[in-house]
Structure formats: structure tokens, C-alpha cells
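Comments concern the structure below.
Convention: sequence-line order gives letters A, B, ...; per-chain numbering from 1. Quick note: numbers below take in every heavy atom, side chains included, and nothing from hydrogens, waters or symmetry partners.
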Amino acid sequence: MLKINNLHVKLEEEEKQILKGVDLEVPAGAVHAIMGPNGSGKSTLSYVLSGRDGYEVTEGGATLDGEDLLEMEPEERAAAGVFLAFQYPVEIPGVGNMTFLRTALNAQRKARGQEELSAADFLKLIREKAKALKIDADMLKRPVNVGFSGGEKKRNEILQMAMLEPKMCILDETDSGLDVDAMKLVSEGVNALRDEGRAFLVITHYQRLLDHIKPDVVHIMADGRIVKSGGPELALEVEHNGYADILAEQV
Amino acid sequence: MAVTNPKPDPLAARLAGLAMPDGGAWVQDARKGALDRLTVQGLPGRRDEYWQFTRPDSLNAPDPDAAGVFDAGGEAPVYGEIDRLKVVFVDGIFSAEESDPLALAGIEIERLAQAAASDIHWAQGLYGVLEERGQTPVARPFAALNTAFAGDGVVIRVTGKAAKPVNLIYRHENETSDALLHHVVKLEPGADLTLLENGPAAARFNKVMEVEVGDGAAFHHVRTQGRDHERQAVTHVFARLGAEAVFKSFTLTVNGLLTRNECVVELTGDDAVAHIAGAAMGDASACAFHHDDTVFVTHDAERCESRQVFKKVLRNGAVGTFQGKILVKQGAQKTDGYQKSQALLLDEDATFLAKPELEIYADDVICSHGSTSGAIDEEAMFYLRSRGVPEVLATDLLVLAFLADTIAEIEAPDIADDITSRLDAWLQRRRG
């Protein structure tokens, strides 16, 4: 589904190379995890895939089901099925959570040539999805992420994912700022969305999240490259020994 | 001997086409007094500090520039869903045919011309009176001109709770109309009125509204201006509040070559509350847009609260200005004064000019003001787009969000909803 080929990315504003040749393929139905030390380029990869400004691709590329992702606007990527669960979800005062989600959902449907969802159908759908994530009616009415706790913000990200039903879900440190219960809730939300048509790329610092969201493949990223890939046991290895051993192997 | 041409007198030229309407002695006295004020003041010029952000030339000119009649394309009228008493003016002239009968429980309402014809009338205590009070410390010549020459308008005396809102509807039919309207509203102690205004009015529009809010009375004012493009308007609201009186005024302005809205509020009774809010949206790509909010709030009693919340969304060369002042007089202790003016500049060609002022002569008060201008929040923009919301739609969502806390100043939920959905529809129409 997602193919990243020799991706080189630098910051637009300065001569700083962040990604130095990332190769990665995530097939439909799979869950891949990316771990790596701070500054290895994990978040940059997620931003570049979702179309954030400020980065320049100098070499290589990325496709989703064969389509060039990097040529698309962020909203086109979303309509094509890319979803980024933000590490720091953005607060938008004045825009109601419901309005936001309904606008997003209908914009995507419109872009895909589908009919827009009626207010009643939307309401039914969001109530059902929100319930599973223990998101109450009040949270739905409030402005997007404004006054939400860290856990509420992450649950709201997963709610959006559940509503928008993307095929390529990228989770950028979704575990950061979550307590054990919240992590469990969020993981359950993610696991409920796992199916053979959908792929996940889970970016995390810690193995802990991967106890709940079991990955098929674990990649270790360092200095802008994937330096090692393996099964779930690789995450355990990192948990026990840190990154030093793995990075030392590369030298 | 060489004869030098006398310097042309712009005021004489401006007044040449105007005639003082007929009326009883009291109104004629008020009109003559206003003309005397105007003669002393003269018309505002480019060197006038109070007009430093807005050029008054087209308002000073003897004849108005023609303004095309705006075709709203059959869209539903503003406040259409709200049960209200409709009072219609066409190019500044009252239209009995289009208006509802001037009768409503809780109020007495009549045409200004009718009131002016009486020998004795309650409006005598207000007509030109609040306007004159508002002339110091800053001259407002267009208000004086209005008092002197306006022949039409409504006078409303509110004795109880008005059974429904009164809606002044201004229709524009004549491309060169030059309209003067003068309204007087008196709320007796404990009375309650919601006054709605909308419509393009005229090619050039000068409107004054004087409002006396008696002790414990509440006046709610909601106005929409637009979407006509070529309008040139100068409006004044003069309000005086008694003890525990409430005055809330909200204005939505969309489009307009030149709009200057002045609001002059005097809090003269203890524990009075005045909220003045405005949302303006301008795009100067097809026609210039200049919007000026000028506000002057005087605290002259204890424990009063005033709030000014003004926001503007500007693009493609649109200009927005704000001059807002809070004057706290000696003895006006425990005053709570608040003022906020913000502009969202959607591109680099938009301009926002602001002059917030506080002048305080009491020592136990809370007063604050903040004025900002900025672009769309890029983080929020990316977040919306990453969820599939196209950039243009995301911009509109953020525009509505930006203006939301001005609309929140409207107390009646049905009217606030009407304004929000109107704005939403206008943005949608713009997106095409």
C-alpha cells in the first residue's frame, strides 16, 4: 500500500538534511512500527507523508497504491486515504468538534465522488464511534481540542480516524502523554480499525504501546534512515538494551 | 485691481442641496442648534485626527457617487425566520405599504415626521440632545448634519417588554440616493426592546440613532450591513444608560466601499452594562472596501461594565480601522472596561489600522485593551487540511471561528444563529 523509496528530505528554510534515504514498504493489512532515538527523523517522515509545509524532498519518493503521494495537496492525500494522528493535536478555538468532523468527512466524500452524509446519519455514526472511545457529547460539542486533556486529545485523534476510515494510518507518538488506562483505550480504538484493507505505521519511542498494538514488523530509524528491521522481538530488544547496540552494529 | 477668488466653502457646497424639513418649534430648534454646531465644526478634513484613518471626501462631497443596486440573487432576507415588526425605508423614505402597521404591545412607535409635526412630544428630550452630548470632546460633524436635515426615521418609546423585535429594513432602489435617517429610542425604566437593522439603504447613507436606556431597562441592537459593494455610509449610535441599564449592540458588516460606524455610549447610572461588538468582512478585489469602527465609551457612574469586541477579516487590499476609547471620569470607581480589536489579514495586501485609547481619572478601576492583527494560524490550517478539508473551506472555517466571539455577544440565540448561518451562507456563496 505505502511505498517509500530512497526518500531524502531537507528543511526548506535551512540546509539541514533530515531524511537520508528512507526505504519502507507497508502492505495492506499490516502494522509496521518505527522506533528510534530523538532526532532520527520519525516525525519528519510522518509530516512529509501527510503534506506539511516546510520540507523539501530532494530525492526519492513515496506512493500510496501506486499514486505519487508527494505531488498531492494535504487534503488530496487525506481523500486518498492517508491519516496522520498528530503527536500534538492542534487546538482550534471557535470550530466545534462536530462541525470539524462533519466538514472533513463530507469534503473527503465529495473528493471521492461519494454523496455527502446527512446530518442525521452523521450524528448516528459519530455517537456510535464516540461511545467506544468514551468520548461524551460535551467533548463533541466543544471547540476542536480546546481545553482537552492530553488523553482526550489523543482519543479525539482516534475518533477522527474511526470516522474518516483511512486506509493508511500513521500514528505519530500517539502514546506520548497517555496514562496506562488511556493508552489501553486508544489502543483498543486502533485495534478495532485493523483489517486487511488498512495499513498502520506506528511511530513510537517505547515498546509499551506495541504491547497493545501488536506490530508485524518493527523498524529502527536512526539519522534519517531505517537501519534495522525485524519482528516484534526487535522492539523488546530496544526496550532492554536501548538503541546503542543496534546503532553500533551499523558502524 | 486683481480679484482673488474666495476660497470655496466645502460646507456651503455640501449644504446647498439640503433643506431643513418642516416641523414643530421644538424640532426646528433642535435642527437649528445642530446646524450651528456643524457650522462651527465644519466638515472633517484630511488633517482631522479623528479622520486620520478614513478619508471623508466622498461623505463631504455635495453629491453622492452612484452606487449600483445590489442583487442578492433571491436569497432569504436576514432575520427572515424571526417574528418581528417590519419597518421599511426605501432610499431613506418610510414605506407604509411595505411596513407592518406601526403598532406593537409594549411600545409606541411613529414616524419622525409625524412626531416632529407635534407641538409637544417626548422625543424633544432626546432628539439632537444625545447627539449634542456626544459632540464633546470630539466633533462628529456628520451627526450634526443629520440632526439638522434628517426628515425621516422612527421614534420609539418602550414602556414595557416589546412583544417582538422591531426590524428597520433599509432598501436601496435609486442608484444616486442620498439618505438621511434619524431614529430616537427611549426605553422607560425596566423596559426591554430588541432592535434589528438590515439592508443596503442608499448610495450614500447617513444615519443617527439616539437611545436612552432608562434605569433597569435593556436594549439589544443587532445590525447587518451588506452585502452591497458600493455603499458609502456613516452611522452614529448615541446611547445614554441609567442605573442597571443594559445596552448591547452588535454589527455585522460585509462589503462596502466606505462604512464608518460610530458608537458613543455614556454610562450615567451605577451598575450599567454596555457591550458593543462588530464583525466586518471585506474583500477589495472587485470593489474597494474600507470599514471604520469608531467607539467612545464614557464611564460616569460606579461599578459599570463596558465591553468592546471588534473583529475584521480582510483580504485583497481591504482596509479596516478601529478607534476605540474608554473614558473613565472622576468618581467612576469600580469601573470594568474592556476593549479588544483584532484583524485577520488573509493576504499581504490587507491593512488594519487601530488606535485603542484609555483615559482614566478614577483610581479603583479595571481597564484593559488589546489590539492584534495576524494571518491564519498555519498549524490549524494544516490540521484541517490533513483531515481532508480543502484550503478554501478551511480558511472559511477559521474565519467563522475568528468572528465567533463577536457573534457570541448577541444574547438571543435565534438571532445569533441567524447571523452565523447568514455568514456561513455568504462565505459558501463566495466559494462558489
* Atom CD of A:Glu196: over 12 foreign heavy atoms under 6.0 Å -> no
* **Contacts of B:Glu378 that satisfy salt bridge (charged side-chain N to carboxylate O under 4.0 Å, His left out) - sequence neighbours left out** => none
* Residues of residues 88-105 of chain A within contact distance of chain B, non-hydrogen under 4.5 Å -> A:Pro89, A:Val90, A:Ile92, A:Pro93, A:Gly94, A:Val95, A:Thr99, A:Phe100, A:Thr103, A:Ala104
* CG (A:Asp53) with more than 12 external heavy atoms under 6.0 Å -> no
* Asked: Looking at A:Met161, A:Lys110, A:Gln108, which has the largest count of heavy-atom pairs under 4.5 Å with chain B?
  -> A:Gln108
Just list the side-chain donor-acceptor pairs under 3.5 Å for residues 407-416 of chain B, sequence neighbours left out, or say none.
| from | atom 1 | to | atom 2 | distance (Å) |
| --- | --- | --- | --- | --- |
| B:Glu409 | OE1 | B:His275 | ND1 | 3.1 |
| B:Glu409 | OE2 | B:Arg307 | NE | 3.0 |
| B:Glu409 | OE2 | B:Arg307 | NH2 | 2.8 |
| B:Glu411 | OE2 | B:Lys248 | NZ | 2.4 |

* Side chains of A:Ser50 and B:Phe382: closer than 4.5 Å at any heavy-atom pair? -> yes
* Asked: Does atom CD of B:Glu75 have more than 12 heavy-atom neighbours from other groups under 6.0 Å away?
  -> yes
* Can you name the nearest heavy-atom pair linking A:Ala78 to B:Ser386, along with the distance? -> CB-O, 3.4 Å
* Asked: Taking atom CD of B:Glu348 as the centre, does the number of heavy atoms from other residues, nucleotides or ligands within less than 6.0 Å exceed 12?
  -> no
* Within-4.5 Å side-chain heavy-atom neighbours: A:Glu75 and B:Val389 -> no
* Asked: Does atom CD of A:Glu56 have more than 12 heavy-atom neighbours from other groups under 6.0 Å away?
  -> yes
* **Presence of salt bridge, A:Glu76 and B:Arg385, under 4.0 angstrom** => no
* Side chain, backbone, both or neither: which part of B:Leu400 has an atom under 4.5 Å from a heavy atom of chain A? -> neither
* Asked: More than 12 heavy atoms of other residues, nucleotides or ligands under 6.0 Å from NZ of A:Lys3: is that the case?
  -> no
* To do: Output the option from A:Gly51, A:Ala107, A:Pro74 having the highest count of non-hydrogen pairs under 4.5 Å with chain B.
  => A:Pro74
* Asked: Taking everything shown except A:Arg127 itself, do over 12 heavy atoms lie less than 6.0 Å from its CZ?
  -> no
* Structure fact -> Here the gap from A:Glu73 atom CD to B:Glu391 atom CD, rounded to the nearest 0.5 Å, amounts to 7.0 Å
* Structure fact -> Taken to the nearest 0.5 Å, the spacing of A:Arg52 CZ from B:Met381 CE works out to 13.0 Å
* Proximal to chain B - members of residues 130-159 of chain A, heavy-atom separation under 4.5 Å -> A:Val144, A:Asn145, A:Glu157
* Check the surroundings of atom CD in A:Glu67: do more than 12 heavy atoms from other residues, nucleotides or ligands lie under 6.0 Å from it? => no
